[in-house]
Amino acid sequence: MKVKEEILIKVGDREVAVPKGTPLGEVLSMVGIDNALGAKLGDRIFDLQTPLHEGGQLKILKKGDPESLEILRHSLAHIMAQALKELYGTEKVHLGIGPTTEDGFYYDVEVEGHSITEEDLPRIEAKMREIIEKNYPILRREIKREEAIDLFNSLSEKYKIDIIERIPEDEPISVYEQGDFVDLCKGPHLPSTGKAGAFKLTGISGAYWMGKADQPQLTRIYGLAFWTDKELRRRLKFYEEVKKRDHRKLGRELDFFMIDEKVGAGLVIWLPRGSTYRRILEDYWKEEHLKRGYQFVYTPHVGKAKLWEISGHLEYYRENMFPEMEMEGESYYVKPMNCPFHISIYKSRVRSYKELPLKLAELGSVYRYEMSGVLHGLLRVRGFTQDDAHIICTPQQVDDVIKETLDLALAMLRDFGFEEFKIYVSTRPPYAIGSDDQWEISQKALLKAVEDLGYKAEIDEGGGAFYGPKIDIKIKDALGRLWQCSTIQFDFNLPERFDMTYIGPDNKKHRPYMIHRALLGSIERFTGILLEHHGGLLPLWLSPTQAVIVPIADRHIEYSRNILRRLSEEGIRAELDERDERMNAKIREAELMKIPFILVVGDREVEGGTVSVRSKRDGSLGSISVEEFVELVKELVREKK
RNA sequence: GCUGGCGUAGCUCAGUCGGCAGAGCGCGGGAUUUGUAAUCCCGUGGUCGUGGGUUCAAGUCCCACCGCCAGCUCCA
């Protein structure tokens, strides 16, 4: 008889040698651990029943450990599947996949003869609680491929058969059973259904089988899951906060923007107040770029087909472009990108190395066809303005150019109140154009810039575009969500396609490097993120109205007008509320509009030449002189607070 | 684009079984002159998303389209 191979398992500082294939639970009881739910070995989480085939250091997972949630959520997905089968009939419910998510789980299912709606969720939840109540043991079993196919055929689980067929021949096939429910699953799972924690089904949606549009669409049922009710409630509260800060709601409440279905889906109309904010943002953006040697250009919104042919957009980007327009026998396209125009500017004359790096910047409005289902407020639209620029430089300049650009991006994002960033560098994908040298030089420049600025780059190996590597900056907002804004991208493709050259010191033609970059991304998306980040209360320097003057009675209006004049002279955006309303109503409205300062003016103020200042952020600041207020505002604006 | 849900006054929303289209806010007029989040009175406001159909009768039932929402997929 063959002696079973042994593996060495480390738990804390203890070591045990066990036969290969010993279940985790047995190993743990050997070392006297009886309250674990599972353990992490390498990257994989094992439950107690899963046999270990490799040795290594175990990280014990107990109830309450963040990583043990994985086990809980997996099991809740099964419990939900069991509930569905009991409610709608085993043979009617076809299960897809049921993985865990960041804060819960989902299961993709097809229910014959019934389309599940939100209204069904309470029933499903109740059934799930019943299953938890019954505390079925959850049993793991490894079975042969043929047996698995027979089993799931008999259960009319067509999608499970599909999965089995994709499992490599040498991998074991495991199933988990609880009561009379059985599911194909790798695990990990709880020892029994009664161990499940707090959960709530939150919604449903459609999802394609295997994520492919040509496959049938299943119903995805989402749930949240945590060990305790408290954590679950905290998560629900977070979603409430997200809802409250929704930029679409804020955009309407603050009169920032609108989207009119008569105009078209995904086409944003900026209202006066939003436009004031945008003007300030754009002025700031231009100033920051001027300081760094950018030159501004304006380019058309449409271009001839030939241009898009040379750029390759018609070949590779057509499905994202608005359709062709014909005129005088020529066809034109609305621009989805600004690059070809900036390249035209570059190529308008012979360029010397002495004028490089050339930095051409434009707040360029582009139009892209997006599927109707993906449009979302300001975050996903069909017409938007990129804060775009193309930097054309020599290979020697690449390091400095990248560093300066990354620095500019971070400095601007900080001025808007973002503090935390994640920086991703994406490197050469398997299929790529450009020479090894080009990739080498540019990837190094990207990594060096990130490092020099004191950040650690997350490397997305092979994640670059075929035409060059890139840096993406993701910003963390006040709720901890990550958003991608800045992108700094090398392009080895367009300089070739457009045959861009410069004359070097050797009096010969050379191919320049081109960097495409957008730092805020698009004004629209950035504004959406900014509104949500600040919950609508924008930093003072960006507020369309910085102060509202509220006279208590008509006799204070004249004095109020003087104040308004004085503030306007200082460039402070102030308004005077002269309406025949009570002071309280005016204050309320200004508060709802999230105006940073309310200046109440009555007899006392007129007499003392002061204003009574009420700050949105800090509450009452008492009565101060008008000049003091001017200084306060100027100081805050200067500091971008 | 796909799946599911939704679309009623400028906004938020009610409208039962198919039987006269409603409220609050807003907006207009008037009264009121007030000390830190809604003064009172009167008035105004609708092709019930659009177009068809069923019916004596459609906001309500059916079909198509448009738009919105949650996702899938995709992305600045």
Side-chain angles (χ1 to χ4, degrees), chain A residues 96 106 108 110 115-120 202-222 239 243 246 248-249 252-253 255 258-266 317 319-320 336-338 364-388 472 483-487 489 516-529 550-557 580-593 598-605 612-616 619-623:
Chain A
Y106 66 79
D108 286 347
E110 182 180 281
S115 63
I116 297 196
T117 68
E118 308 258 349
E119 281 153 34
D120 295 319
T202 50
I204 55 165
S205 74
Y208 300 113
W209 175 238
M210 303 306 290
K212 299 222 171 73
D214 56 352
Q215 295 287 322
Q217 194 161 25
L218 311 182
T219 304
R220 178 166 297 178
I221 308 177
Y222 286 92
Y239 283 117
K243 218 169 158 186
D246 191 318
R248 293 166 296 186
K249 183 165 165 274
R252 187 176 46 246
E253 286 168 358
D255 280 339
M258 60 180 269
I259 294 168
D260 184 346
E261 69 172 88
K262 283 190 243 0
V263 173
Y317 205 71
E319 69 273 25
N320 289 303
M337 292 185 192
N338 302 301
S365 297
V366 296
Y367 291 84
R368 298 182 189 172
Y369 169 72
E370 299 284 354
M371 291 189 294
S372 58
V374 305
L375 300 173
H376 181 91
L378 293 179
L379 298 181
R380 195 73 184 276
V381 293
R382 284 179 175 161
F384 57 97
T385 301
Q386 292 180 306
D387 67 316
D388 207 0
D472 293 319
W483 303 91
Q484 198 213 304
C485 292
S486 313
T487 175
Q489 189 142 14
H516 170 102
R517 40 118 294 181
L519 303 186
L520 306 178
S522 86
I523 309 266
E524 286 75 7
R525 172 178 287 181
F526 187 74
T527 300
I529 296 166
V550 174
I552 291 176
D554 288 353
R555 64 179 180 280
H556 309 123
I557 285 181
D580 183 16
E581 282 292 342
R582 288 179 61 202
M583 174 197 69
N584 288 296
K586 294 182 185 180
I587 289 171
R588 178 166 195 271
E589 256 173 68
E591 286 284 343
L592 290 174
M593 292 302 281
I598 300 171
L599 307 178
V600 178
V601 172
D603 290 338
R604 294 204 289 269
E605 283 71 25
S612 172
V613 181
R614 175 175 164 141
S615 155
K616 176 80 190 155
S620 175
L621 303 182
S623 280

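The chains referred to below are lettered A, B, ... by the order of the sequence lines, with proteins before strands, and numbering in each begins at 1.
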**Fill in**
Quick tally for nucleotides 1-14 of chain B: nucleotides whose base has a protein heavy atom under 4.0 Å get B, sugar-phosphate-only ones S, the rest -, giving BBB-------SS--
Figure out the [atom1]/[atom2] separation between [X] and [N], and round it to whole Å.
{"X": "A:Arg220", "N": "B:rU73", "atom1": "CZ", "atom2": "C1'", "answer": "11 Å"}
{"X": "A:Lys586", "N": "B:rG35", "atom1": "NZ", "atom2": "P", "answer": "13 Å"}
{"X": "A:Arg525", "N": "B:rC74", "atom1": "CZ", "atom2": "C1'", "answer": "11 Å"}
{"X": "A:Glu581", "N": "B:rC27", "atom1": "CD", "atom2": "C1'", "answer": "12 Å"}
{"X": "A:Glu589", "N": "B:rU39", "atom1": "CD", "atom2": "C1'", "answer": "14 Å"}
{"X": "A:Ile259", "N": "B:rG67", "atom1": "CD1", "atom2": "C1'", "answer": "11 Å"}
{"X": "A:Met210", "N": "B:rC72", "atom1": "CE", "atom2": "P", "answer": "16 Å"}
{"X": "A:Lys243", "N": "B:rA70", "atom1": "NZ", "atom2": "P", "answer": "10 Å"}

Close side-chain approach of [X] to [Y], heavy-atom, < 4.5 Å:
{"X": "A:Arg525", "Y": "A:Trp483", "value": "no"}
{"X": "A:Arg604", "Y": "A:Ser612", "value": "no"}
{"X": "A:Ser372", "Y": "A:Arg382", "value": "yes"}

**Item:** Gap in Å between the two P atoms, one belonging to B:rA21 and one to B:rA38, rounded
**Value:** 37 Å
**Distance between P atoms of B:rC65 and B:rG24 (Å, rounded)** = 39 Å
**Prompt:** Base, sugar-phosphate, or nothing for A:Asn320, non-hydrogen atoms under 4.0 angstrom?
**Reply:** nothing
**Fill in**
Taken in chain and number order and not counting sequence neighbours, the residues that satisfy side-chain contact (heavy atoms from CB on, under 4.5 Å) with A:Asp246 are A:Arg248, A:Lys249, A:Glu532
With a 4.0 Å limit, can you tell me whether [X] has a side-chain N or O closer than that to the phosphate oxygens OP1/OP2 of [N]?
{"X": "A:Arg380", "N": "B:rC69", "answer": "no"}
{"X": "A:Arg555", "N": "B:rU34", "answer": "yes"}
{"X": "A:His376", "N": "B:rC75", "answer": "no"}

**Message:** Going by purine N1 to pyrimidine N3 plus the second Watson-Crick contact, or the G-U wobble pair, all under 3.5 Å, which nucleotide sits opposite B:rG7?
**Reply:** B:rC66
**Request:** Show your reasoning for whether salt bridge (Lys or Arg N to Asp or Glu O under 4.0 Å) applies to A:Asp388 and A:Arg517.
**Result:** CA-CA 6 Å; A:Asp388 207 0; A:Arg517 40 118 294 181; 5.9 Å; no
**Prompt:** From B:rG71, B:rU39, B:rC75, pick the nucleotide closest to the side chain of A:Arg582?
**Reply:** B:rU39
**Message:** Which is more 5' along RNA chain B, the nucleotide nearest A:Gly521 or the one nearest A:Asp246? Just name the residue.
**Reply:** A:Asp246
**Prompt:** Taking for each residue the nucleotide of RNA chain B with the nearest heavy atom, is it A:Gln386 or A:Arg588 whose nucleotide lies nearer the 5' end?
**Reply:** A:Arg588
**Prompt:** Has A:Tyr222 got its ring stacked on the base of B:rG71, with centres under 5.5 Å and planes less than 30° apart?
**Reply:** no
**Item:** Side-chain donor/acceptor contact of A:Asn584 with base of B:rU36 under 3.5 Å
**Value:** no
